[in-house]
Amino acid sequence: MKTVAVVGASLAGLYAARALRAEGYDGRLVIIGDEIHRPYDRPPLSKEFLTGAVDEDQLALCDAEEEAELNAEWLLGVRAQGLDARGRALRLDSGCTVAADGVVIATGAAPRRLPGGAALSGVHTLRTLDDARALRAGLADRQPVRVVVVGGGFIGSEVASSCVALGHHVTVVEAAPLPLLPQLGEAMATVCASLHADRGVRLVTGTSVAALNGPGAVTGVQLTDGRLLPADVVVVGIGAAPSTGWLDGSVLAVDDGVLCDDGGVTTLPQVVAVGDVARVGGTRSEHWTSATEQPAAAVRNLLAGRTVEAARPLPYFWSDQYGVRIQFAGRRLPDCTVRITDGSPEERSFLAVYERPDGTVTAALALNRPRAFMRLRRELTSGVPAGHGSRSG
């Protein structure tokens with residue numbers, strides 16, 4: 001291959017570029033990003049950056065030395081608008097075309113928004129550095145402010161935690177009966193939901209947003225159950241949709257992400273997809289570990305011209321909320337039951353395993369038990385039977 005284009009100057013895109021050079025690819029490497037920023041770390045945006053504990057220069061994922069080693073052409077602040085039928089040319093909104101023998105799609109996902117939210121100031125999503133800048137400025141305008149966070153998932157809960165740390169009054173609205181119910185199951189979701197109450201955050205569940213009120217700036221959130229929540233700032237964290245619109249009309253199969261085989265290879269062998277935008281082997285995972293672990297295998301497959309390696313790492317995610325680190329690894333299957341193996345939920349410090357009826361452990365959850373959790377995660381990753389009636393400490 002003479003030219004490889006990485007579409008998305010994201011975490012996954014950067015790891016793909018690194019993997020290409022690590023595999024010995026010494027041809028032309030073009031990295032295309034719709035933001036003007038070089039790749040940066042997103043997890044701190046809802047936590048340390050929002051509270052002011054981390055500055056922008058601490059978010060950078062690579063320094064000048066590594067950029068020189070990558071020897072890439074950076075096309076930033078431009079969007080990909082299309083991929084030709086053979087997957088060998090990219091159309092950009094700048095009017096330029098980039099010809100490439102190989103393409104890595106790493107365009108990530110875009111936050112879902114509430115109808116009418118764009119017309120009101122004080123309504124925010126949190127996905128990019130610019131989003132985080134705007135939210136941080138809005139929270140600093142006056143103290144304290146009334147914050148309504150729509151969505152009780154990890155991003156919403158982390159934002160709520162940061163806003164509490166900044167001294168604001170916070171309400172979290174979650175449409176489901178409990179936040180994180182699909183991921184954790186009822187028992188463990190109940191424990192995690194209680195972290196909000198521990199810090200005086202009001203959690204409203206089982207209802208959704210009917211409308212956002214305000215003449216120009218948001219003043220309230222109207223719920224579908226009739227309640228009105230006063231608000232000076234609204235943060236919408238209701239998930240994200242994979243950024244695949246630019247592929248409309250291409251031959252690539254798209255269904256809640258770019259459809260790939262187990263190695264990240266699309267229907268065109270010279271095109272692979274990684275990170276939030278990729279639906280690998282039937283699963284799309286919006287987590288840091290997927291973005292960092294998928295590219296190595298996908299790039300090997302791209303350079304080989306066929307699938308020679310799988311790219312489906314064990315799911316793993318973490319979240320820092322109210323001084324508690326939540327970690328989860330594995331897959332919670334429908335027939336799993338949960339068992340506490342160490343610590344106590346009441347103390348907000350424990351390790352739990354998800355077990356099938358035969359005792360096989362398929363997933364683990366920990367609150368403030370990082371060492372025990374990482375041991376169990378390694379067992380799950382290696383395929384060594386974990387738990388199986390034992391007590392982890």
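- In this structure, Ser161 and Asp320 have side chains that are not in contact, with every pair of non-hydrogen atoms separated by 4.5 Å or more.
- For the residue pair Thr224/Thr207, the side-chain donor-acceptor check at 3.5 Å is satisfied.
- Not one N or O on the side chain of Ser208 forms a donor-acceptor pair closer than 3.5 Å with the backbone of Ala175.
- Ser157 contributes no side-chain N or O that, together with a main-chain N or O of Phe154, makes up a donor-acceptor pair within less than 3.5 Å.
- Under the 4.5 Å side-chain contact rule for hydrophobic residues, Trp288 and Val280 do not share a cluster.
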Legend entry - Steps toward side chain to side chain contact (heavy atoms under 4.5 Å, CB included) verdict (Leu302, Val265): CA-CA 7 Å; Leu302 176 67; Val265 179; over 6 Å; no
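- Using a 4.5 Å heavy-atom threshold, the side chains of Arg133 and Glu56 count as touching.
- At least one side-chain heavy atom of Ile340 sits less than 4.5 Å from a side-chain heavy atom of Met188.
- Remark: side-chain polar atoms of Gln58 are paired, donor with acceptor, to backbone N or O of Asp55 under 3.5 angstrom.
- The backbone N or O of Glu174 lies less than 3.5 Å from no partner atom in the side chain of Thr205, so there is not a single donor-acceptor pair.
- Closest of all the heavy-atom pairs between Ser162 and Lys47 is OG-CA, 3.4 Å.
- Counting heavy atoms from C-beta outward, Pro370 and Gln327 have side chains that approach closer than 4.5 Å.
- Of the possible donor and acceptor atoms, none in the side chain of Ser290 sits under 3.5 Å from a partner among the backbone N and O of Glu286.
- Ring pair Tyr354/Phe328 is perpendicular by interplanar angle, where above 60° counts as perpendicular and below 30° as parallel.
- Under the 4.0 Å criterion applied to side-chain N and carboxylate O atoms, Asp101 and Lys2 are not assigned as salt-bridge partners.
- Within the 4.5 Å cutoff, the side chain of Val191 has heavy atoms near those of the Pro345 side chain.
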Legend entry - Leu70 vs Leu14, side chain to side chain contact (heavy atoms under 4.5 Å, CB included): CA-CA, chis, key distance, verdict: CA-CA 10 Å; Leu70 283 177; Leu14 175 63; 3.9 Å; yes
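- The two residues Ala273 and Cys260 make their nearest non-hydrogen contact at CB-SG, 3.7 Å.
- With values rounded to the nearest 0.5 angstrom, Leu20 atom CG is found 11.0 Å from Asp26 atom CG.
- Within the 3.5 Å criterion, the main-chain N or O of Glu309 finds a donor-acceptor partner in the side chain of Asn301.
- Arg42 has no carboxylate O lying under 4.0 Å from a charged side-chain N of Asp276, or vice versa, which leaves the two without a salt bridge.
- In this structure, Ile326 is a member of the same hydrophobic cluster as Val338, with clusters built from ILVMFWY side-chain heavy atoms closer than 4.5 Å.
- To the nearest 0.5 Å, atom CG of residue Leu380 and atom CZ of residue Phe373 are 8.0 Å apart.
- Considering every non-hydrogen atom in both Val274 and Ala12, the closest pair reads CG2-CB, 3.9 Å.
- Taken from CG in Asp131 to CG in Leu50, the straight-line distance is 11.5 Å, to the nearest 0.5 Å.
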Inset, instruction - List the steps and the verdict of side chain to side chain contact (heavy atoms under 4.5 Å, CB included) for Asn71 and Leu29. - result: CA-CA 7 Å; Asn71 189 27; Leu29 175 58; over 6 Å; no
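- Using a cut-off of 4.0 Å between Lys/Arg side-chain N and Asp/Glu carboxylate O, Glu69 and Arg21 are scored as not salt-bridged.
- Taking each heavy atom of Arg127 and Ala109 in turn, the nearest pair found is NE-O, 3.1 Å.
- With rounding to the nearest 0.5 Å, the separation of CG in Leu365 from CG in Leu184 is 5.5 Å.
- Thr360 and Asp358 share a side-chain donor-acceptor pair at under 3.5 Å.
- Taking the side chain as every heavy atom from C-beta outward, Leu139 and Val147 approach each other to under 4.5 Å.
- Under the 30°/60° scheme for interplanar angles, the aromatic rings of His196 and Tyr322 are found to stand perpendicular.
- Transitive grouping of hydrophobic side chains (ILVMFWY, heavy atoms separated by less than 4.5 Å) brings Leu166 and Val172 into a common cluster.
- Pairing each heavy atom of Gly343 with each of Arg369, the nearest pair is CA-NH2, 3.3 Å.
- The backbone N or O of Asn368 lies less than 3.5 Å from a partner atom in the side chain of Ser349, making a donor-acceptor pair.
- Distance OH/Tyr40 to CG/Leu11: 11.0 Å, rounded to 0.5 Å.
- Both Val164 and Ile155 are members of a single hydrophobic cluster when ILVMFWY side chains are connected at heavy-atom separations under 4.5 Å.
- Looking at every heavy atom in both residues, Ser194 comes nearest to Arg348 through OG-NH2, 3.0 Å.
- A salt bridge does not link Asp255 to Arg279: none of the charged nitrogens lies less than 4.0 Å from a carboxylate oxygen.
- Side-chain contact between Leu252 and Leu268 is present, with heavy atoms from C-beta onward closer than 4.5 Å.
- Counting only heavy atoms from C-beta outward, the side chains of Tyr316 and Ser285 never approach each other to under 4.5 Å.
- The number of heavy-atom neighbours closer than 6.0 Å to CD of Glu186, taken from other residues, nucleotides and ligands shown, is 12 or below.
- Here the side chain of Asp232 pairs a donor or acceptor atom with the backbone of Arg146 at under 3.5 angstrom.
- Checking side-chain atoms of Arg199 against main-chain N and O of Ala165 turns up no donor-acceptor pair under 3.5 Å.
- Counting heavy atoms of neighbouring residues, nucleotides and ligands inside a 6.0 Å radius, atom CZ of Arg79 does not exceed 12 of them.
- Grouped with Leu229 in one hydrophobic cluster are Leu114, Leu120, Val123, Val148, Val150, Val173, Val204, Val209, Leu212, Val218, Val221, Leu223, Val234, Val236, Ile238, the linkage being side-chain heavy-atom contacts under 4.5 Å among Ile, Leu, Val, Met, Phe, Trp and Tyr residues.
- In terms of modelled atom types and a separation under 3.5 Å, the side chain of His168 and the main chain of Val145 share a donor-acceptor contact.
- The same ILVMFWY cluster, assembled from side-chain heavy atoms under 4.5 Å apart, contains both Val324 and Val201.
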Inset, instruction - Applying side chain to side chain contact (heavy atoms under 4.5 Å, CB included), run through Trp246 and Leu90 and close with a yes or a no. - result: CA-CA 10 Å; Trp246 66 281; Leu90 295 155; 3.7 Å; yes
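- In this structure, CG on Leu135 lies 10.0 Å from OG on Ser46, to the nearest 0.5 angstrom.
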